Amino acid sequence: MTIQSLHPTTLAFLETKPLPMLINGEWKATKHTLGVENPATGAQIAQVCLADAQDVDSAVMVADSAFPAWAALSPAERALRLTKLAELINRDTQVLADLECIDVGKPVSAALGFDVPFAAQCFDYFAQVAQEAEYEIELGLEVTDSQTIKRPYGVAAFVFPWNFPLTLCAWGIAPALAAGNTVVIKPASETPLSTLYLAKLCEEAGFPKGVVNIVTGQGSVAGEALINHPKIKLMSFTGSTEVGKHVGEVCGRNLVPAKLELGGKGAAVVCKDADFDGAVEGLTGALTLNAGQVCCTASRWYIHESIYDEFVSKTKAAFEAIPIGNGLDSDSVMGPMCTHKQMSKVLQCIAEAQSAGAEIVTGGDRVTSGELVKGYFIQPTLLAGKDDNPWAQEEIFGPVAFLLKFTDEDEVIERANRNPYGLANSVWTIDLARAKEIAARLVSGNSWINAHNVFEYGLHYGACNQSGCGGGVNSRATFEGYLRHQSVASIR
Ligand code: NAP
Ligand code: MG
């Protein structure tokens with residue numbers, strides 16, 4: 001399948017050059033633009049605007065003006081727009097899946113199976129949560145007649161990475177909007193397409209002007225202007241730990257609460273009594289999902305020594321059987337790296353890991369067969385070695401797993417917890433009681449059992465240590481995080 005055979009609505013959307021940004025319900029084009037590339041072919045597929053500091057200022061100022069009226073609506077009135085948006089995402093599933101495929105590189109089938117429907121569900125979930133929430137709580141105290149009231153903050157700013165543009169955007173803005181905040185969004189410069197399409201759907205869903213604003217542009221310009229803007233009242237950043245620390249510093253200086261969702265180096269602990277084939281299949285699937293460009297993926301695999309050799313040989317065979325290809329082809333399971341830069345970085349990490357003593361069990365190279373040579377494809381890679389290899393501990397963000405052997409439970413938990421990140425780990429054993437104990441002792445935002453990458457609305461997905469702070473998505477607690485508490489009291 002080629003770009004020309006995409007859904008007619010996708011093709012019509014891409015025709016506008018450059019794709020304008022949404023500010024105050026108006027579509028604004030800029031003089032300077034940026035090409036958007038399809039990582040499966042290297043071809044330019046669209047042009048987007050490059051916002052400067054003035055564009056960002058306009059977006060924040062209109063979001064600030066739109067805030068009082070949006071906040072004054074009842075939760076049910078706001079929920080109407082969110083549920084309408086969910087309906088429109090479901091109507092245009094194919095278009096959004098096409099855009100995620102040609103922009104990020106992920107297979108259309110993956111976007112249809114997860115990214116798009118899960119984004120729609122997110123708006124429905126927070127529409128419901130907002131209507132069930134309590135906004136005024138009587139405290140029943142002795143000396144004072146007092147209440148806690150909960151109110152939205154004002155303008156919430158969002159900066160997103162390139163790996164799950166639509167889903168992460170939904171995870172961020174759905175609770176913010178449902179709680180009554182207005183939003184300004186900066187998607188990653190490499191992957192702005194689905195966010196711009198979502199902006200069209202927000203308009204169609206009837207969000208009032210200025211409630212949802214999107215600025216496309218570079219982190220160093222548009223991103224900086226947004227995180228530094230004096231009118232933002234909340235900041236939500238998803239991306240690398242390095243940039244996240246910078247965002248945290250800026251917000252700290254301005255006393256703006258920041259939600260930071262950052263990188264990871266998840267451990268999978270495979271015990272000797274694991275469902276062997278289930279673990280091989282589950283971990284292979286987790287690592288090749290989105291070509292390994294998943295913050296919470298398992299990339300350090302601790303395998304019990306008694307099953308290590310057999311596990312390695314079965315996983316090697318599973319890796320070598322993964323259908324790699326253009327995401328527009330229905331038989332592709334793993335697409336390319338999202339950018340040439342990311343492909344080069346992953347290949348560099350593999351080379352450095354090897355220099356530091358790791359053995360390449362399988363993979364390790366770019367895929368250059370046939371048409372794939374034009375894109376940024378990498379073979380799923382298994383490295384084997386020791387914990388002190390830097391790439392056994394640092395995030396690679398590609399389809400690369402590092403195999404490590406362990407002997408006993410206490411030892412593996414200590415080794416897993418020595419890593420500075422704290423996003424997501426998993427434990428694999430048929431003994432569920434023991435699995436729960438091990439899961440609880442693995443320090444991170446998320447501990448999964450006999451699966452990796454487990455999501456459901458209502459299940460909090462958060463982070464600790466170098467993987468982030470102040471944030472967390474997908475739960476009632478997330479929604480509460482978009483409301484500030486105010487005490488209202490008089491002396492009895
Ligand atoms: P990144 O380089 O940190 O970029 C993330 C976003 O920040 C992009 O929109 C980028 O803009 C922007 N940015 C860069 N410099 C900025 C600055 N000085 N001020 C404001 N914004 C700035 O991360 P990435 O490479 O896109 O994404 C991969 C990382 O995200 C990985 O570490 C992954 O683990 C993490 N991640 C975490 C989660 C989570 O939930 N914890 C989810 C997904 C991804 P440009 O696009 O213009 O550079
Ligand atoms: Mg792209």
Side-chain angles (χ1 to χ4, degrees), residues 34-37 48-53 56 103-104 106 115 157-172 184-193 195 214-229 232 235-251 254 256 258-266 289-299 337-346 349 394-398 420-424 444-446 453 455 460-474 478:
L34 184 70
V36 180
E37 205 181 50
V48 293
C49 293
L50 275 180
D52 59 18
V56 173
D103 200 359
V104 184
K106 63 185 71 196
D115 301 57
F158 291 87
V159 173
F160 292 112
W162 44 256
N163 58 340
F164 286 87
L166 179 70
T167 315
L168 294 174
C169 184
W171 288 4
V184 178
I185 305 159
K186 191 205 92 66
S189 31
E190 279 108 351
T191 58
L193 299 183
T195 313
I214 317 254
V215 286
T216 48
Q218 281 158 339
S220 55
V221 180
E224 277 293 336
L226 186 56
I227 65 175
N228 279 283
H229 201 288
I232 66 168
M235 179 71 225
S236 168
F237 172 84
T238 311
S240 63
T241 296
E242 187 192 350
V243 180
K245 284 182 177 175
H246 169 66
V247 174
E249 276 170 21
V250 170
C251 291
N254 295 342
V256 170
K259 299 174 182 296
L260 304 173
E261 320 282 356
L262 312 176
K265 187 76 178 180
L289 174 74
N290 210 31
Q293 303 160 117
V294 179
C295 51
C296 54
T297 198
S299 49
M337 298 286 97
C338 181
T339 61
H340 187 276
K341 186 172 157 207
Q342 189 60 17
M343 176 184 71
S344 305
K345 188 206 148 180
V346 173
C349 295
E394 193 40 72
E395 182 180 57
I396 294 177
F397 219 55
Y421 289 107
L423 190 49
S444 71
N446 313 281
N453 299 331
F455 298 99
H460 193 72
Y461 172 77
C464 65
N465 300 336
Q466 298 292 298
S467 293
C469 62
V473 293
N474 298 350
T478 308

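The figures that follow rest on heavy atoms only: side chains count, while hydrogens, waters and symmetry mates do not. These figures come from a predicted structure and were not determined experimentally. We count ligands from 1, going down the list as the structure has it; atoms in each ligand are counted the same way.
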Distance-only criterion, 3.5 Å: show the donor-acceptor pairs between side-chain atoms of residues 217-227 and protein atoms not counting sequence neighbours.
{"from": "E224", "atom 1": "OE1", "to": "N228", "atom 2": "ND2", "distance (Å)": "3.0"}
{"from": "E224", "atom 1": "OE2", "to": "H246", "atom 2": "NE2", "distance (Å)": "2.6"}

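Side-chain contact between V184 and I232 is absent, with no heavy-atom pair separated by less than 4.5 Å.
Not a single donor-acceptor pair under 3.5 Å links the side chain of K265 to the backbone N or O of P420. For the pair N474 (side chain) and F455 (backbone), a donor-acceptor distance under 3.5 Å is absent.
Sorted by chain and number, the heavy-atom contacts of ligand 1 below 4.0 Å come from V159, F160, P161, W162, N163, L168, K186, P187, A188, S189, E190, G217, Q218, G219, G223, E224, I227, F237, T238, G239, S240, V243, H246, E261, L262, G263, C295, E395, F397, L423, Y461.
Ring centroid separation for the pair F160 and W171 does not come in under the 6.0 Å cut-off.
The minimum heavy-atom distance between H460 and N446, with the atom names listed, is O-OD1, 3.5 Å.
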